[in-house]
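Below, each value reflects all heavy atoms present in this structure, side chains not excepted, and no hydrogens, waters or symmetry copies. Chain naming here is simple, since letters A, B, ... match the order of the sequence lines and numbering starts at 1 in each. These numbers come from a predicted model, not from an experiment.
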Amino acid sequence: MTEEKSLNFLEEIVENELKAGTYKSIITRFPPEPNGYLHMGHAKSICLNFGLALKYGGKTNLRFDDTNPVTEETEYVDGIKNDIKWLGFEWSQELYASDYFEKLYEFAVTLIKKGLAYVDDGSSEEIAKQKGTPTQAGTDSPYRSRSIEENLKLFSEMRSGKYRDGEKVLRAKVDMAHPNMHMRDPLMYRIKHAHHHRTGDAWCIYPMYDFAHGQSDAIENITHSICTLEFIPHRALYDWFIEKLEIYSSHQYEFARLNMTYTVMSKRKLLQLVNEGHVRGWDDPRMPTLSAVRRRGYTPESIREFCDKIGVAKRENLIDVGLLEFCVREHLNKIALRRMVVFDPLKVVITNYPDGKSEMLSGENNPEDVSTGNRDIPFTKEIYVEQDDFMEVPAKKYFRLAPGEMVRLKSAYIIKCEEVIKDQAGKVIELRCTYIPESRSGSDTSGLKVKGTIHWVSLAHAVTAEVRLYDRLFNVENVGDMEGDFKEYLNPDSLQVLSTVYAEPAIKSAILDERFQFLRKGYFKLDPDSASEKIVFNRTVTLKDMWAKEVKKG
RNA sequence: UGCCCGAUGGUGUAACUGGCAACACGCUUGAUUUUGAUUCAAGAAAGUCCAGGUUCGAGCCCUGGUCGGGCAACCA
């Protein structure tokens, strides 16, 4: 277990600081804004923040960054908490930036008193114009030189609701000519007469991200405030506020966000997919949200493994979704119960098997874990096999059923195809086969060796179910790189529903949390849409399929 | 005409902080297999963006370029 793994740059920083005695322990935080559901990118951040604290004996706070009342909802708060728990992490404290509104207000007053903040009456357009451009210095606002007394009075009036939205803002007095645009007198507070999901109507002024995040970090004594690359330019401001306020000196570090092939990873785009009905909801199994991958059947273990494998660095990346699928298969292979399910049935009559006879065969629940035992599988004269497990004119290297050919029925007998029955249209509708009684699984004395083993299900015992097959949501690797509307690249065939498949009877006892491997078909999990009359399975991920590759090669 | 990040096989991440580039996914081939799965074995694939410099020695340090990304929401 203690295999030497190299440290990522953040672990290295922490380890060095701990060694140097800069800190005796660390505190991190995971700070989602409750305006949407968590996705795989958040999983990376969660694993990083919680993982760092776990590894170095610190703790992690869950802090909702709820400073914008118009986009935030309690529904999202609950969803986020649920997702983090599901991933397997425990936060130290559940906190909200809104818990600090009074404190933040005091901080603002402190800065006004120091002559480092002022109330600006300009419109957002005017203020934007004064900011200049990246290559051109900004100009001072006419309100920049207001007296401390006047600023104090105005700011207090802003709080008391004297002004309408947009009428005034509070700005930090930094430097309108600063090369970093974020330092050109950034906004600290804006007026929003809006109902907040936690503070209700107590406030009509709300702090901006830059005047809430670092301050919240300081209040909580966060040692390492880890965020994504796009916040790099904010760091100077982050430090400036902390310095001027003379509060706990938290530090910000940045890492590259997760991008994955064939999907999008921005709340804005995901929200669009939901709102415009391109998917059925935030938890549509094709989505990259945690609620979706959970519904689809991905395990928290596999996601944590994935996050571990992708590493943490500062360069932009595009991770092959295949790596995630590999992690999912790797875990599912170990825990999934094996079942046989025929998707596209072809009837097979075993001519030399007695009419009306039924015998119980036994199959391993999971060859990777013998402790899971066996399940009973009924065998009869009439069974279903998969249409594509028969070829009238077999392709080269095809070793399944074909006229005169033999295959093993998994956990049962070897059969030989004797006769092909077709309808008027020439479509194969039935196979007449003979079975080799001595080839019974587990007690095979036939001495026969066959190349193919296929799955099957007894026609009389088959349980029907619906199966939902998922493919990539988009049909281009790098969706973010494409021109035009990203929705043009949606894969129209990302969902395929098979309304009736035929499963062996053991499937009836399936419960929601169980994972299955439908032999040769992939990994599956019950969908919450299931009802007693109709059970529904989601395909979590396919099995690796070398034969499909062979076929494609021609 | 600015400031800030970054650049290592197809992808992602490493390289004991200057000692002759590793791991994983993917790919290829073979073995095993009552899942064309799993497992196992072997292999192809980068000479580290470029040019100089320092050094016995540079992916790591220095200089200058090139390329990619970010920065002007009363969003976070």
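- Distance from the side chain of A/I232 is smallest for B/C4 among the nucleotides B/G69, B/A73, B/C4.
- Relative to the side chain of A/R520, the nucleotides B/G36, B/C3, B/A72 differ in distance, and B/G36 lies closest.
- Proximity note for A/T453 (side chain, C-beta onward) versus B/U34, B/A72, B/A76: the nearest is B/U34.
- Counting non-hydrogen atoms under 4.0 angstrom, A/G452 reaches nothing in the nucleic acid.
- Between A/F474 and A/Y262, the distance from one ring center to the other does not fall under 6.0 angstrom.
- A/P367 comes within 4.0 angstrom of a base, heavy atoms only.
- A distance of 6.0 Å or more separates the ring centres of A/Y76 and A/F64.
- Using a 4.0 Å heavy-atom distance criterion, A/M208 is classed as a sugar-phosphate-only contact.
- In summary, A/E167 and A/R164 engage in a salt bridge, as defined by a charged side-chain N under 4.0 Å from a carboxylate O.
- Separating the CD atom of A/E305 from the P atom of B/G12 is a distance of 19 Å, rounded to the nearest angstrom.
- Here A/R190 reaches the OP1 or OP2 of B/A76: one of its side-chain N or O atoms lies under 4.0 Å away.
- Within the 4.0 angstrom heavy-atom criterion, base atoms lie near A/R400.
- Contact check, A/K267 against B/C75: no side-chain N or O comes under 4.0 Å of OP1 or OP2.
- If you check every strand for non-hydrogen atoms under 4.0 Å, A/R338 touches a base.
- A/V70 comes within contact range of no nucleotide atom at all, as no heavy-atom separation falls under 4.0 Å.
- Salt-bridge annotation for A/E325 and A/R472: present, with a side-chain N of the basic residue lying under 4.0 Å from a carboxylate O of the acidic one.
- Side-chain contact of A/R29 with A/H213: a donor-acceptor pair under 3.5 Å is present, judged by distance alone.
- Across all strands shown, A/R440 has heavy atoms under 4.0 Å from base atoms, whether or not it also approaches the sugar-phosphate.
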Filtered N/O pairs between nucleotides 24-28 of chain B and protein, under 3.5 Å:
residue, atom, partner, partner atom, Å
B/C27, OP1, A/K549, NZ, 2.2

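- When distances run from any side-chain atom of A/K131 to the nucleotides B/U34, B/U38, B/A72, the shortest one goes to B/A72.
- Residue A/H234 is classed as a base contact, given a heavy-atom separation below 4.0 Å to a base.
- The side-chain hydrogen bond (donor to acceptor under 3.5 Å, both in side chains) test applied to A/D217 returns A/R63, A/S225, A/Y238, not counting sequence neighbours.
- With distances taken from any side-chain atom of A/K314 to the nucleotides B/G36, B/C5, B/A14, the minimum falls on B/C5.
- Residue A/R315 places none of its side-chain N or O atoms closer than 4.0 Å to OP1 or OP2 of B/C67.
- No close placement of the A/F516 and A/F524 rings is indicated, their centers lying 6.0 Å or farther apart.
- Counting non-hydrogen atoms under 4.0 angstrom, A/Y523 reaches nothing in the nucleic acid.
- In this structure, A/F399 reaches the bases: a heavy-atom distance under 4.0 Å links it to at least one base atom across the strands shown.
- Distance check on atom C1': B/G64 versus B/U54 gives 15 Å, rounded to whole Å.
- At a threshold of 4.0 angstrom between heavy atoms, the contacts of A/T67 are confined to the sugar-phosphate backbone, with no base atom among them.
- In this structure, the aromatic ring of A/W547 is positioned over the six-membered ring of the base of B/G36, centres within 5.5 Å and planes within 30°.
- The side chain of A/N317 sits closest to B/G12 out of B/U35, B/C71, B/G12.
- Salt-bridge formation is detected for the pair A/K521/A/E386: a Lys NZ or Arg NE/NH1/NH2 atom is positioned less than 4.0 Å from an Asp or Glu carboxylate oxygen.
- Among the heavy atoms of the strands, none lies under 4.0 Å from A/Q136.
- Each of B/G12, B/U38, B/A14 was ranked by its minimum atom distance to the side chain of A/E368; first place goes to B/U38.
- Across all strands shown, A/G480 has no heavy atoms under 4.0 Å from either base or sugar-phosphate atoms.
- For the ring pair (Phe, Tyr, Trp, His ring centres under 6.0 Å) with A/F211, the lone residue among A/F101, A/Y206, A/F241, A/Y100 that qualifies is A/F241.
- Nucleic acid contact for A/Y206: none, since no nucleic acid atom lies under 4.0 Å from a heavy atom of the residue.
- Taking every side-chain heavy atom of A/N8 into account, B/A14 is the closest of B/G36, B/A14, B/G2.
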